[in-house]
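Throughout, a chain's letter reflects where its sequence line sits, starting with A, and its residues are numbered from 1.
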Amino acid sequence: DAKTTQPTSMDCAEGRAANLPCNHSTISGNEYVYWYRQIHSQGPQYIIHGLKNNETNEMASLIITEDRKSSTLILPHATLRDTAVYYCIVRQAGYSTLTFGKGTMLLVSP
Amino acid sequence: DTAVSQTPKYLVTQMGNDKSIKCEQNLGHDTMYWYKQDSKKFLKIMFSYNNKELIINETVPNRFSPKSPDKAHLNLHINSLELGDSAVYFCASSPEGSYGYTFGSGTRLTVV
């Protein structure tokens with residue numbers, strides 16, 4: 001599976017949009033982009049995933065560039081409970097496993 | 001109605017002991033996993049089972065033996081526990097296809 005690069009940490013003010021970038025320049029055509037987060041002392045939580053098109057659900061939006069070499073996870077109105085480590089992962093569908101990197105520590109402040 | 005449940009949540013044991021961690025999922029997923037998160041917070045895949053069959057076994061010592069009695073359960077048995085086995089162990093499951101994983105809340109294992 002392709003590797004990803006994320007900033008180590010980011011800050012965001014409560015109520016503002018949090019935009020978390022991810023580079024995956026070696027992504028293959030059949031690899032999806034997944035985002036997970038891990039709130040302190042909890043298990044990782046699935047957020048969203050996509051292949052080519054932008055995606056939105058109740059938690060976040062995923063913007064994938066046309067060349068698919070990078071993506072941005074958007075939390076439209078960050079709350080204190082969104083403070084967590086966010087992981088961007090690329091993975092083929094099927095039986096390939098999720099390989100976690102170091103992720104981005106997002107700190108949402110009042 | 002927890003989707004992926006692990007027991008126990010905390011486990012403190014002495015070196016050399018044998019212990020088991022249980023995992024059950026009620027989502028009807030075909031594939032289950034064990035991950036280990038060490039003190040540096042890196043999450044690493046240990047095992048993957050699909051319909052009770054082992055499909056991935058990363059470089060894990062053979063003191064770790066997963067057991068899947070049915071596709072809803074994946075237990076982890078650890079023999080001769082060592083200090084370095086101290087970590088948080090997460091169980092997860094996923095359906096076929098591109099869908100996301102569902103993780104349990106973790107088991108914090110402390111070997112003293």
Chemist: Looking at B:Tyr101 and A:Leu98, would you say the former's side chain and the latter's main chain have a donor-acceptor pair under 3.5 Å?
Modeler: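 Yes, because the side chain of B:Tyr101 sits within donor-acceptor range (under 3.5 Å) of the backbone of A:Leu98.
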Chemist: Check the pair A:Tyr46 / B:Thr102 against side chain to side chain contact (heavy atoms under 4.5 Å, CB included), numbers first and verdict last.
Modeler: CA-CA 7 Å; A:Tyr46 166 81; B:Thr102 302; over 6 Å; no
Chemist: Could you list which of residues 100-110 of chain A have a heavy atom closer than 4.5 Å to any heavy atom of chain B, in residue-number order?
Modeler: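 Those residues of residues 100-110 of chain A which have a heavy atom under 4.5 Å from chain B are A:Phe100, A:Lys102.
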Chemist: According to a 4.5 Å side-chain heavy-atom criterion applied to Ile, Leu, Val, Met, Phe, Trp and Tyr, with indirect links allowed, do A:Met10 and A:Ile48 form part of one hydrophobic cluster?
Modeler: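 Hydrophobic grouping puts A:Met10 with A:Ile48.
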Chemist: If two hydrophobic side chains count as joined below 4.5 Å and joins carry through other members, does A:Tyr32 share a cluster with A:Ile74?
Modeler: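 Each belongs to a different hydrophobic cluster.
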Chemist: Take a 6.0 Å sphere around CG of B:Asn62 and say whether it holds more than 12 heavy atoms from other residues, nucleotides or ligands.
Modeler: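 No, the 6.0 Å shell around CG holds no more than 12 heavy atoms from other groups.
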Chemist: Indicate if B:Ile45 and A:Tyr87 have the same hydrophobic cluster label, given that clusters are the connected sets of ILVMFWY residues with side-chain heavy-atom separations under 4.5 angstrom.
Modeler: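 Yes, B:Ile45 and A:Tyr87 fall within the same hydrophobic cluster.
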Chemist: Test of understanding: with side chain to side chain donor-acceptor pair (under 3.5 Å), list the residues that count as partners of B:Thr13, not counting sequence neighbours.
Modeler: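 Partners of B:Thr13 by the side chain to side chain donor-acceptor pair (under 3.5 Å) criterion, ordered by chain and then number, come out as B:Asn17.
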Chemist: Return the minimal non-hydrogen interatomic distance between A:Gly43 and B:Phe90, and the atom names on each side.
Modeler: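 Heavy-atom minimum between the residues: CA-CE2, 3.3 Å.
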Chemist: Side chain, backbone, both or neither: which part of B:Gln37 has a non-hydrogen atom closer than 4.5 Å to chain A?
Modeler: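 The answer is the side chain of B:Gln37.
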Chemist: Is there a continuous path of hydrophobic side-chain contacts, each under 4.5 Å between heavy atoms, that joins A:Leu75 to A:Leu80?
Modeler: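 Result: yes, single cluster for both.
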Chemist: Where on B:Leu43 is there a heavy atom nearer than 4.5 Å to chain A: the side chain, the backbone, both, or neither?
Modeler: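 Both parts, backbone and side chain.
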Chemist: Taking atom CZ of B:Phe103 and atom CD of A:Gln42, what is their separation to the nearest 0.5 Å?
Modeler: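 Between B:Phe103 CZ and A:Gln42 CD, I get 13.0 Å after rounding to 0.5 Å.
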